[in-house]
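This report refers to the structure that appears directly beneath it.
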Amino acid sequence: MNAEESYEIRLKVNGRTQHVTAPARRLLSDALRGELGLTGTHVGCEHGVCGCCTVLVDGAPVRSCLTFAVAVQDKDIRTVEGLAAGDGELHPVQEAFKECHGLQCGFCTPGFLMTACALIEQNNDPTEQEITEAIAGNLCRCTGYQNIRAAVRRAAEITRSDKR
Amino acid sequence: MAVGTDSARVDAVDKVTGLALYPADAVPKDALHAVVVFTNQPHARLVSMDLSKTVASPGVVTVVTAADVPVNEYGLTLFDQPVFIGLDDTGRSSVPCDVSRWEADHLVVVVAESLSEARRASALIDTEWEPLPMASDVASAKADEILVHPGSSTNTYHTLQIRKGDAVLGMEAADVIIEGTYELPHQEHAYLQVEAATAWIDEQDRVTVETSGQWVHEDREQIAHALAVDEEEVRVRYAAIGGAFGGKEDMSLQIVMAVTARKLGALGINRSVHCGWSREESIVGHHKRHRATVTARLGATSEGFITAVEADVWLDAGAYNYTSNKVLGNLHLSVAGAYNVPNARIDSRAIYTHSVPGGAFRGFGGPQGAFVAESQMNKLASKLGMDPMELRQRNALTDLSDGITQSGLPEGVGVTRVIDACVERVPPSEELPEYPPFSPIASLPAKAEQLRQGRGYAVGMKNVGFSFGFPEACEADVVFHGDADEERPNRVELFHSAAEVGQGVHTALTQMVAYAVGLDFESVDGFFSDTSTGGDSGSASASRLTFMAGNSVLGAVEEAEKAWADGARPAAGHFRYKPPMTEALDPETGEGQPNFCYGYMAQAVDLTVDVGTGHIRVDRVVSVHDVGKAIHPQMLRGQIEGAIAQAHGYTLSEQLVVENGRIQNPRLSQYLIPGIGDVPARVDCVILEAADPLGPWGARGVSEMPYITYAPAVTAALYDAAGIWINKFPLTPSVVLEHLASAEI
């Protein structure tokens, strides 16, 4: 086996298709950060525990550090850089995390934002239990989670009011 | 934007859009990649090292060793660690470098075109080691049969003592004596952003390191010392910092990357070099909260008045000092609690072992000391059948007290205030509310017959700022901009080195400047954490920045106001704030004034324990803090909630396994920090604002305070629930079950 043999991989990230030349075992997190320069996706533990590297693949939260880039070829990948609108208007989850101080050091934040985005796009009126379950797989070492919980609640509220 | 109101964080938009650049994010395209090779030897002599295969490996640019460090030594407060272990050095260091004393001592840095090439080449290093005998914990190091640093006759290298009144007579006068030996565990910082750095030679020929840390000027000083150059020839700046908590106070990549950049420069290679640690390298490669053993006695009258305290503290410093002497000082001061103690004998010792160094971690010695002091007080209350908060109120320090160091306390002692506020919110006489049942395994029903509820309290105090005579200071610069004919400036620039580790200091300083000048928040532009633009701020540690940096910016604004009034445009103001000088303690009696400011806290914890499985759920925490002034209440609550979550992990789940100097579980899948499902179900913050006479707008500090009292409040609540005292933690289910079994409950 030649681990270094490279392939051309088509990645559709934030609505734009890009080609990455990388070995078959290139992790999605590394491809996003290294090849595509999308460093908003952070790597915290390298083995699927902390959730910092969470991105959306066809709308579902996925650990990009446990995903090979080739495995998500042609799927819709969304990263934190794709949340805000083209004119810079923040996505409701971004607005809410900012407003509710749902972050301190900010390193875990992109992962929480993507996880919360997936929740709220499916269910814009989650219960407390649903919020807890949705973000139970993401670790934050700074906030104690109370403001994160408040931010997810607030993001749902903003989304509901936007729809009206 | 007034102080005392909530603004958006200055870094919020960058952090929610992914634009904030952490040290691993802004790597230049043409950067070289470096790997730091650890010795992987907790105690062994390097016999030989052959780097020829490494150097010849594809893509390798250079290899950096001890021979490349002009002064091969490191240490924040005393030089006792070589930057690199090696066989040839320049001879200019006082620290021998042929013996590895820690598995994460650095051996070489391998620099290559790519990370994979650097890694492959690192695996080709051929070393021969002579294993040496180990003294890997306090018990084995105490005998001094194996010396960790052979230059000295003892491993017990730093001692402190307090002799106040007569402890023997005090104990004789006691109606009740509480005795206990407490085992305090290590804790891993587990900041989510692991260490990374990029280094290069800048356009002014300065060795430049961009990384994340807690004090750019200290990093610069350490680098300059190792390189034997003037500090002006070194530049350190911080990228966004993904958490620190004390774990980034000591050097990780700073010195080795500076040495590497300089070597590349000398080889005529004008390229940046980047290194990022893996999570495993991070956990193995940086210091921990100290483990410690404390034996304590507390004597009191039957009315609950303390007659004497005795304590013997053994702090496991690990292989190198790091900040162990500072941590020991804090533990030493806090082991008697926030109480009037007429007679005391306290002996505290830091001891070298062949194990991971202990160092700074939020509270640094305070949580360890308070666990002892408050466990003793809770046991005393229980033995006397007294309300635990009434007991504390009877003994509480006040402005009139002489304190454990016989020197009086800085004005504004808040112990009684926080006790009163805590009791008002959570009266000890009140019945516990009935919390919903819980099952340790969510998919299984709760077994109500196995659930017991309990409540516990703890009270404490923690210094703000550097102690024991350290020359504490903080600098700030501001520049007012505006037209000559304008009465007031329309824009202000702030230059400050305070490290934004997540706590929000950049936002708070921006807010303070805006308010002091009378501008809106957006009219203040902050330039932070770069030794080439800002003065020395001191560290983001000891809960000191709101107090110290706040005073520094106030002073700088005042200076700029004078210049502005004199017609200067732009009008610059520089200020170096110095608080009242503190003192080192008398070596015999421990007398002296160690601190200039304290924060005060009281906590009540309600929990439910499943006595069938040993699982604990914390139902509610009420955390009372005298903060002087809440500059930004929302960020302040964030500090309290965040500190409690970390303290919760420390108390209940985080178990670092170290065997013979080697960390056995350096992964977040094995070392369990709390998730949202683990943290207390509810945290109520109670903020008191009794102004500190010297604080900016009266502010003290808060970021460590909630940590101090949490563990003893939890163990007291566990006693209330299940009738067992546990003198160690984390309170994992197996530890709880073991104690329940031996108590036959």
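By convention in this document, chain letters (A, B, ...) are assigned in the order of the sequence lines, proteins followed by strands, and residues within each chain are numbered from 1.
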Counting only heavy atoms closer than 4.5 Å, note whether [X] contacts chain A via side chain, backbone, both or neither.
{"X": "B/Val27", "value": "neither"}
{"X": "B/Pro674", "value": "both"}
{"X": "B/Val501", "value": "backbone"}
{"X": "B/Ala24", "value": "both"}
{"X": "B/Ile644", "value": "neither"}
{"X": "B/Leu21", "value": "side chain"}

**Study point:** Inter-chain contacts: residues 117-130 of chain A against chain B, heavy atoms under 4.5 Å
**Key:**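 Expected list: none.
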
Review point. For chain B, which residues from residues 55-88 of chain A lie under 4.5 Å away (heavy-atom distances)?
Key: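 Within residues 55-88 of chain A, the residues that come under 4.5 Å of chain B (heavy atoms only) are A/Val80, A/Glu81.
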
Nearest heavy atoms of [X] and [Y], plus distance in Å:
{"X": "B/Phe245", "Y": "A/Arg141", "result": "CE1-CG, 3.4 Å"}
{"X": "B/Gly638", "Y": "A/Gln104", "result": "O-NE2, 3.0 Å"}
{"X": "A/Cys45", "Y": "B/Arg279", "result": "O-CB, 3.9 Å"}
{"X": "B/Val679", "Y": "A/Gly144", "result": "CG2-O, 4.0 Å"}

Check your understanding: In terms of heavy-atom proximity below 4.5 Å to chain B, should A/Leu103 be classed as side chain, backbone, both, or neither?
Key ->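 A/Leu103 touches chain B through backbone and side-chain heavy atoms alike.
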
